[in-house]
Amino acid sequence: MSEQQKKPLPFIANFTAGAIAGVSEILTFYPLDVVKTRMQLATGKGQGLVSTFSSIVKEEGVGRLYRGLVPPLLLEAPKRAVKFASNDFWGKTYLQMSGESKMTQKLSIVTGCSAGATESFVVVPFELVKIRLQDKSSTYKGPMDVVRQTIQKEGLLGLYAGMESTFWRHFWWNGGYFGSIFQVRTMLPKADTQQGQLLNNFISGSIGGFTGTLLNTPFDVVKSRIQGATKVPGVKPKYSWSYPALVIIAREEGFAALYKGFVPKVLRLAPGGGVLLLVVEFTLGIFRQALGPPYI
């Protein structure tokens with residue numbers, strides 16, 4: 001059956017494939033996320049990628065590179081469900097509001113930003129637990145200990161520390177990602193084979209991911225600083241709101257400090273995107289074979 005006649009797989013199939021791919025990517029490249037967080041939490045000059053990685057292994061052991069792994073694994077399924085559903089909802093909403101018959105780059109950017117903003121509300125508690133477990137000075141016994149102590153010391157809303165910075169991180173990343181993908185796809189030659197389509201998606205996704213990371217890293221640094229700090233009664237936190245915090249960090253540590261952890265984020269992005277793509281296509285292939293015609 002041709003690609004035009006092939007029936008689209010149901011949402012649950014795409015969702016499951018995305019979730020499996022996301023978990024595979026996390027398990028493969030999670031150590032780079034730990035290194036990124038350590039670099040972002042370090043004030044002053046700090047260490048580079050290699051020295052940070054080496055010091056963690058030497059001083060704390062290889063196992064420390066996977067500390068805080070449980071929260072992102074638990075987050076992957078609901079995160080992708082919200083991302084897919086909200087992107088679809090906002091895309092249809094903006095198309096209807098604009099009167100356009102098909103998606104444009106401007107609508108892609110607005111849709112991506114809106115989907116990222118929606119997604120951020122689900123992400124915050126999991127991100128907070130992950131950041132506090134990844135911190136070098138962390139003494140927490142595990143994810144539930146972070147939740148228990150945070151609620152005990154800061155109340156239930158303490159789990160949403162960094163909500164505003166997380167909002168902006170996802171807002172700018174998704175806007176840059178979807179906007180770039182739309183533009184790059186129009187510039188690439190049309191693919192007539194499945195391998196060609198795979199390559200085009202890989203190229204556009206990688207460029208989109210790079211653009212999103214370039215835009216959102218400063219907000220990721222601020223988010224890590226806010227979520228990594230424990231509130232002390234009577235003491236005003238140094239970092240509270242994203243944009244003032246950006247100014248503080250740039251003034252005290254230099255503009256380059258806003259891009260701490262950028263290298264491990266990018267190094268995770270390119271091969272991680274490859275893993276995601278391969279696992280998604282493999283899983284969707286299994287679904288098509290299981291469901292049979294007209295999905296094959």
- Item | Whether Phe171 and Trp168 hold their rings parallel, tilted or perpendicular, with breakpoints at 30° and 60° |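 Taking Trp168 first and then Phe171, their aromatic rings stand perpendicular (interplane angle over 60°).
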- Task: Let me see the working for Arg38 and Glu60 under salt bridge (Lys or Arg N to Asp or Glu O under 4.0 Å), right down to the final yes or no.
- Result: CA-CA 13 Å; Arg38 290 292 185 86; Glu60 306 169 53; 2.9 Å; yes
State plainly whether the residues [X] and [Y] are in salt-bridge range, i.e. N to O under 4.0 Å.
X	Y	value
Glu252	Lys238	yes
Arg169	Glu127	yes
Glu154	Arg132	yes
Asp145	Arg148	yes
Lys130	Asp33	yes
Glu59	Lys136	yes

Backbone of [Y] reached by a side-chain donor or acceptor of [X] within 3.5 Å:
X	Y	value
Ser206	Ile203	no
Tyr177	Ile109	no
Thr150	Val147	no

Nearest atoms (heavy-atom pairs only) where [X] meets [Y]:
X	Y	result
Met163	Ser120	CE-OG, 3.5 Å
His170	Gly116	CB-O, 3.2 Å
Ile249	Tyr239	CG1-CE2, 3.7 Å
Val222	Ala245	CG1-CB, 3.7 Å
Asn216	Trp172	CB-CB, 4.4 Å
Val146	Tyr140	CG2-CG, 3.5 Å

- Item | Note, Ser224 side chain near Ile131 side chain (heavy atom, < 4.5 Å) | yes
- Do Ser240 and Pro237 touch side chain to side chain, with heavy atoms closer than 4.5 Å? yes
Roughly how far, to the nearest 0.5 Å, is [atom2] of [Y] from [atom1] of [X]?
X	Y	atom1	atom2	value
Gln40	Leu258	CD	CG	10.5 Å
Asn200	Leu188	CG	CG	4.5 Å
Ile181	Ser108	CD1	OG	9.0 Å
Ser180	Leu215	OG	CG	7.5 Å
Ser137	Leu41	OG	CG	8.0 Å
Arg185	Ile207	CZ	CD1	11.5 Å

- Message: So, applying side-chain contact (heavy atoms from CB on, under 4.5 Å) with Gln134, which one of Ile56, Leu65, Thr37, Leu69 is it?
- Response: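 Only match with Gln134 under side-chain contact (heavy atoms from CB on, under 4.5 Å): Thr37.
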Please tell me whether [X] and [Y] are part of a single hydrophobic cluster in this structure, the criterion being side-chain heavy atoms less than 4.5 Å apart.
X	Y	value
Phe167	Leu157	no
Val34	Phe53	yes
Tyr66	Leu267	yes
Leu49	Tyr30	yes
Val50	Val266	no

- Message: Using the rule side chain to side chain donor-acceptor pair (under 3.5 Å), only one of Thr217, Asp220, Thr52 pairs with Lys36; which is it?
- Response: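 Only one option passes, and that is Asp220.
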- Message: Less than 6.0 angstrom separating the ring centers of Phe219 and Trp173, yes or no?
- Response: no
- Does a sphere of radius 6.0 Å around OH in Tyr243 hold more than 12 heavy atoms from other residues, nucleotides or ligands, not counting ones at 6.0 Å or beyond? yes
Could you verify whether a donor N or O on one side chain and an acceptor N or O on the other, from [X] and [Y], lie under 3.5 Å apart?
X	Y	answer
Ser165	Arg225	no
Ser86	Thr118	no
Arg67	Ser138	yes

- Give the C-alpha distance, both sets of side-chain angles, the deciding distance and a yes or no for side-chain contact (heavy atoms from CB on, under 4.5 Å) between Ser98 and Leu107. CA-CA 9 Å; Ser98 66; Leu107 288 178; 3.7 Å; yes
- Step-by-step side-chain hydrogen bond (donor to acceptor under 3.5 Å, both in side chains) determination, Ser114 to Tyr94: CA-CA 10 Å; Ser114 300; Tyr94 290 136; 2.7 Å; yes
- Task: For salt bridge (Lys or Arg N to Asp or Glu O under 4.0 Å), just list the numbers for Lys223 and Glu164, CA-CA rounded to whole Å, side-chain angles, deciding distance to a tenth of an Å, and then say yes or no.
- Result: CA-CA 8 Å; Lys223 182 192 75 68; Glu164 183 252 0; over 6 Å; no
